[in-house]
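The chains referred to below are lettered A, B, ... by the order of the sequence lines, with proteins before strands, and numbering in each begins at 1.
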Amino acid sequence: MVRHPLSKTANKYLRKFKKWPHSPYKTSWHHNFGEQQAMQILKQATIEMDSSQQPQRHNLQYPFLLSTLLDSFKGYSCDPTPKAYYFVIKTLTDSFQLHDIPPILDHLEQVEKFETPEFIFVYLIRFYGNVDRVQDAVHLFFRIPRFRCTPTVCSLNLILSLLCRKKECLKMVPQILLKSQHMNIRIEESTFQVLIKALCRIKRVDYAIKILNCMIEDGYGLDSTICSLIISSLCEQKDLTSVEALVVWGEMRKLGFCPSVMEYTNMIRFLVKEGRGMDALDILNQMKEGGIKPDIVCYTMVLSGTVAEGKYEKLDELFDEILIFGLIPDVYTYNVYINGLCKQNNVDEALKIVAYMDELGCKPNVVTYNTLLVALCLVGELSKARGLMKEMGLKGVELNLHTYRIMLDGLVGKGEISEACIFLEEMLEKCFYPRSSTFDNIIFQLCQKGLINEAMELTKKTVAKSFAPGASTWEALLLNSGSELRYSDTIFSGLLSTN
DNA sequence: GTAGGGTTAG
């Protein structure tokens, strides 16, 4: 930047070489006054333009606002200021007169001599990005030096975040990074942050991790916000496996990353979902070692992970630990523990826990009962299951679709076909449909017993409820219908009319 | 000081 050699207060936009010396009356005060007046005229012109007066083209070569700008400053013998250009550009973007922007930029580049402040480009690039004109944004970014402006990491970060917003623009990122080197822009930690954030947002955690590795290789410190972002994105996606996630986690930890409750929780949830209960347990232990007391939610997730992996000794150990640490198990925790007991065929113990829950003021819910019903039906304890269903009703626990399906499967599984049929009708009344395989099974069993008419009737009833039985039902009916094929004809037409 | 995250079922 060229400064007036004699005065620090000299206006930085003055041309260095003037043809004429300043008039003794033209002081800096006059100058500022002139600039202010010129701006006033420009602003006034904009207001008039807004109030639907057709812009008059003073000079056909230039857009109205540009010629107004030039004329008004000329009228006060001042050079146009960057502020004036910014004002014009902002006015044009606000009113979406995008076609007038290029000539203004051309003029700014070719005629003006001042060092254009970067914020003008930052503004325009952001605007182009917001109106989906990424290509214009990129061109302007590359063009910045031609405006006698040295772009900084601000412009770079901005253009990168715009490009990362869209998948199809991602491929331009390396080119921009390369070019920014030639433009002498020094990449900063913030640049990596921009890239990583953008990549996480578009769910490309794999790329985000690569960038993180580049950062580390370049000697940048590990930023906890970035790590946290990567971990949470990692846990939300499906492309990277839990093993890969654990590698990233391990590397971050090696580099000194101290996860917070949120990261631990995210990791535990992700690992449990991926069926890696023991790894989740490992994270829980890391949490404790890191001085963070896991809460009941973390424990509950890990408990369910141990049940899923069948590590029942760990289940008991952890449940004890919860109590030792003074945490209070809630219905979620008990449900997981009860499920664990049921999986070990220890339904009696599970039933005891349910009674115990009541004593502790923790009400069993529909999940608790469904878990128990599954276990009872599995071992054929249908009467106990029926009793439990009654208990649900008495305790005001509402039966849901799963409750009915579990019971129906229990009845069918035990060959209690006539009770199953009655139960199914009850279900249909409430618009609870059985699993298609269960229905097929019922029809198959009815047909096997020679109860073809009953099978037909049941099918008709279900079809009437807009429930479409599976192929096996039709097959069973057709194979067994013999001379009564006409019945199935009516069923078919019933099905067709309901669809 | 906060919330939210967690359970069953094929």
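- In summary, A/Arg405 and A/Asp409 do not engage in a salt bridge, as defined by a charged side-chain N under 4.0 Å from a carboxylate O.
- A/Arg405 comes within 4.0 angstrom of nothing in the nucleic acid, heavy atoms only.
- Exactly one of A/Cys227, A/Pro259, A/Cys258 qualifies for a side-chain contact (heavy atoms from CB on, under 4.5 Å) with A/Arg253. That residue is A/Pro259.
- Across residues 273-295 of chain A, A/Asp295 each have a non-hydrogen atom less than 4.0 Å from an atom of DNA chain B (numbered order).
- Listed in residue order, the members of residues 363-384 of chain A having a heavy atom less than 4.0 Å from DNA chain B are A/Val367, A/Asn370, A/Thr371, A/Val374.
- Using a cut-off of 4.0 Å between Lys/Arg side-chain N and Asp/Glu carboxylate O, A/Arg435 and A/Asp440 are scored as not salt-bridged.
- The stretch residues 338-351 of chain A comes close to DNA chain B through A/Asn339, A/Lys343, each having a heavy atom under 4.0 Å from the strand.
- Salt bridge status for A/Asp239 with A/Lys203: absent, with no side-chain N to carboxylate O gap under 4.0 Å.
- Electrostatic pairing of A/Lys395 and A/Glu391 counts as a salt bridge here, judged by a charged N lying under 4.0 Å from a carboxylate O.
- For A/Thr333, the side-chain hydrogen bond (donor to acceptor under 3.5 Å, both in side chains) test picks out A/Thr300, A/Asp330, with sequence neighbours left out.
- Residues satisfying the side-chain contact (heavy atoms from CB on, under 4.5 Å) criterion with A/Ala420, sequence neighbours excluded, are A/Leu408, A/Leu411, A/Val412.
- In summary, contact between chain A and DNA chain B, defined as any nucleotide atom under 4.0 Å from a heavy atom of the protein, begins and ends at B/dG4 to B/dG10 in the 5' to 3' direction.
- At a threshold of 4.0 Å, the pair A/Lys288-A/Glu321 counts as salt-bridged, since one of the basic side-chain nitrogens sits closer than that to a carboxylate oxygen.
- A donor-acceptor pair under 3.5 Å is formed between the side chain of A/Thr371 and the backbone N or O of A/Val367.
- A salt bridge links A/Glu317 with A/Lys314: the distance from a Lys NZ or Arg NE/NH1/NH2 to an Asp or Glu carboxylate oxygen falls below 4.0 Å.
- In this pair, A/Tyr356 and A/Tyr334 present their aromatic rings perpendicular. The plane angle is above 60°, beyond the 30 to 60° band.
- None of A/Leu234, A/Asp282, A/Ile283 except one satisfies the side-chain contact (heavy atoms from CB on, under 4.5 Å) rule with A/Leu246; the exception is A/Ile283.
- One N or O on the side chain of A/Asp295 and one on the backbone of A/Cys298 form a donor-acceptor pair closer than 3.5 Å.
- No contact: A/Asn266 has no heavy atom under 4.0 Å from any strand.
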